[in-house]
Visitor: 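One structure is given below, represented as structure tokens, and several questions about it will come after.
Each chain gets a letter, A, B and so on, in the order its sequence line appears, and its residues count up from 1.
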2 protein chains.
Amino acid sequence: MTAPAPDPLDTVFAALADPTRRAILTMLLEDDMAVTDVAEPFAMSLAAISKHLAVLAEAGLITQEKRGRVKWCKLEPDALRAASVWMQGFGQFDPVDLDAFERFLETELGPGDGV
Amino acid sequence: MTAPAPDPLDTVFAALADPTRRAILTMLLEDDMAVTDVAEPFAMSLAAISKHLAVLAEAGLITQEKRGRVKWCKLEPDALRAASVWMQGFGQFDPVDLDAFERFLETELGPGDGV
DNA sequence: GGCATATTCAACCGGATGGTTGACGATTTC
DNA sequence: GAAATCGTCAACCATCCGGTTGAATATGCC
């Protein structure tokens, strides 16, 4: 652990840079989920998803709590606030346009993909 | 070029994940700059900065225009809007707190580092 | 023309990242 | 206690990333 503690923004943005991880976050918007259930829709191994979840947890974007043999994953939206605030500094954004958000979420999820 | 066009959010967030690149964006908030001038405050080669700028341009976060032998770099804040909008979906953020933004910018630049 | 300046290109390097598979520890269930 | 389930660990692999150096390609100046 001699690593010199990188800027939290580094890890948050890096975590968000992967589409699988963004999809996971979107899923967790709905509800808390077990690791196995998170992995279910993806065409990759459970171990890979487990790693993605570790990255998200490292960034503070989720927390994981083990109850019994099941590990529950919970969205931690506050971690996004720092990044969001940072970005707002550029361009004097208008207050966020929720219609645009809807459109983007649709793009994210893929049209006709009813996740 | 058989690469299947990654989600723009991938490249934007990946670009933002590097502290050098975020610092560059912050510099460009002030004014457009030539590549050499962008590189000046950093303890790394000009070629490295040139690559960073290419990443930012690829993500659409800046544009570069060559006038004479000088290539000018210009912030393109609109590219951040998509990412910002995506993030707003999580956590029903309050409208952004500009005081918090100031504090974060200070953290970014480093206290007592008068860049 | 010839030299200095601005920027990129190309090759290279070490380390991180995203994925795999198979073994393993922990927990529940029968 | 034995078997099934949940999740991680460890080793491995290919690729990407951030950096270097040195040569190459403009362009501007005299």
Side-chain angles (χ1 to χ4, degrees), chain A residues 1-25 27-28 31-59 61-74, chain B residues 1-25 27-28 31-59 61-74:
Chain A
M1 299 342 182
T2 40
D7 191 319
L9 288 181
D10 291 10
T11 49
V12 169
F13 282 129
L16 295 178
D18 186 281
T20 301
R21 288 193 290 261
R22 287 198 308 277
I24 291 174
L25 291 178
M27 286 191 263
L28 292 177
D31 207 353
D32 299 359
M33 296 177 79
V35 174
T36 307
D37 296 327
V38 169
E40 196 269 332
F42 295 99
M44 83 182 62
S45 71
L46 184 60
I49 295 294
S50 180
K51 283 192 196 176
H52 279 304
L53 289 169
V55 171
L56 290 170
E58 183 69 22
L61 292 165
I62 67 170
T63 50
Q64 297 182 283
E65 182 199 355
K66 191 164 181 179
R67 272 204 301 274
R69 62 179 164 183
V70 172
K71 200 166 186 180
W72 293 92
C73 305
K74 177 176 167 31
Chain B
M1 302 340 181
T2 38
D7 191 319
L9 288 181
D10 291 11
T11 49
V12 170
F13 282 129
L16 294 178
D18 186 279
T20 301
R21 288 193 291 260
R22 288 199 306 277
I24 291 174
L25 291 178
M27 285 191 264
L28 291 178
D31 207 352
D32 300 358
M33 294 177 80
V35 174
T36 308
D37 296 327
V38 170
E40 196 270 332
F42 295 98
M44 81 183 63
S45 71
L46 186 59
I49 296 294
S50 181
K51 283 192 195 177
H52 279 305
L53 290 169
V55 171
L56 291 171
E58 183 69 22
L61 291 165
I62 66 169
T63 49
Q64 297 182 284
E65 182 199 355
K66 191 162 181 181
R67 271 205 301 276
R69 62 181 164 180
V70 173
K71 201 166 185 179
W72 293 90
C73 306
K74 177 175 167 35

Visitor: Can you tell which of D/dC6, C/dT7, C/dT5 lies closest to the side chain of A/R69?
Guide: D/dC6
Visitor: I want to check one thing: is the phosphate of C/dT7, taken as OP1 and OP2, less than 4.0 Å away from some side-chain N or O of B/S50?
Guide: no
Visitor: If you check every side-chain atom of B/K71, which of D/dA26, C/dT8, C/dT27 has the closest atom?
Guide: C/dT8
Visitor: Within a strict 4.5 Å, meaning less than it, do heavy atoms of the A/R22 and B/D7 side chains meet?
Guide: yes
Visitor: State the OG1-NZ distance between B/T63 and B/K71, to the nearest 0.5 angstrom.
Guide: 11.0 Å
Visitor: Look at all strands and tell whether B/R21 reaches a base, only sugar-phosphate, or nothing, counting heavy atoms closer than 4.0 Å.
Guide: sugar-phosphate
Visitor: What is the distance from CG of A/L53 to P of C/dG18, rounded to the nearest Å?
Guide: 13 Å
Visitor: Distance check needed: C/dT17 P versus A/E58 CD, whole Å only.
Guide: 10 Å
Visitor: Can you confirm whether A/M27 sits close enough to A/F42 that some side-chain heavy atom of one is under 4.5 Å from a side-chain heavy atom of the other?
Guide: yes
Visitor: Are any non-hydrogen side-chain atoms of A/L61 and A/L28 less than 4.5 angstrom apart?
Guide: no
Visitor: Rounded to the Å, how far apart are B/D10 CG and C/dG18 C1'?
Guide: 13 Å
Visitor: Between A/G68 and A/T20, who's closer to the 5' end of DNA chain C by nearest nucleotide?
Guide: A/T20
Visitor: Picking from C/dT7, D/dT20, D/dT5, which would you name as closest to the side chain of B/A48?
Guide: D/dT20
Visitor: For the pair made of CZ in B/R67 and P in D/dG28, what is the distance, rounded to whole Å?
Guide: 12 Å
Visitor: Between C/dT7, D/dT20, D/dC9, which one does the side chain of A/A47 approach most closely?
Guide: D/dC9
Visitor: From the options C/dG19, C/dT7, D/dT20, select the nucleotide whose nearest atom is closest to the side chain of B/M44.
Guide: D/dT20
Visitor: Closest approach to the side chain of A/K51, judged atom by atom: which nucleotide of D/dG7, C/dT20, C/dT7 is it?
Guide: C/dT20
Visitor: How close or far is atom P of D/dT8 from atom CG of A/L56, stated in whole angstroms?
Guide: 12 Å
Visitor: Among the nucleotides D/dG18, C/dA6, D/dT20, which one has an atom lying closest to any side-chain atom of B/S45?
Guide: D/dT20
Visitor: Specify the separation, in whole Å, of atom CD1 of A/I24 and atom P of C/dG18.
Guide: 11 Å
Visitor: Among C/dT28, C/dT7, D/dG7, which is the nearest nucleotide to the side chain of B/L46?
Guide: C/dT7
Visitor: Testing the basics here: between A/A15 and A/A59, what is the closest heavy-atom pair and its distance to 0.1 Å?
Guide: CB-CB, 3.9 Å
Visitor: How many Å lie between CZ on B/R22 and C1' on D/dG18, as a whole number?
Guide: 15 Å
Visitor: Can you measure B/Q64 atom CD to C/dA6 atom C1' for me and round it to whole angstrom units?
Guide: 13 Å
Visitor: With respect to the side chain of B/H52, which nucleotide from D/dG19, C/dT7, D/dT8 is positioned closest?
Guide: D/dG19
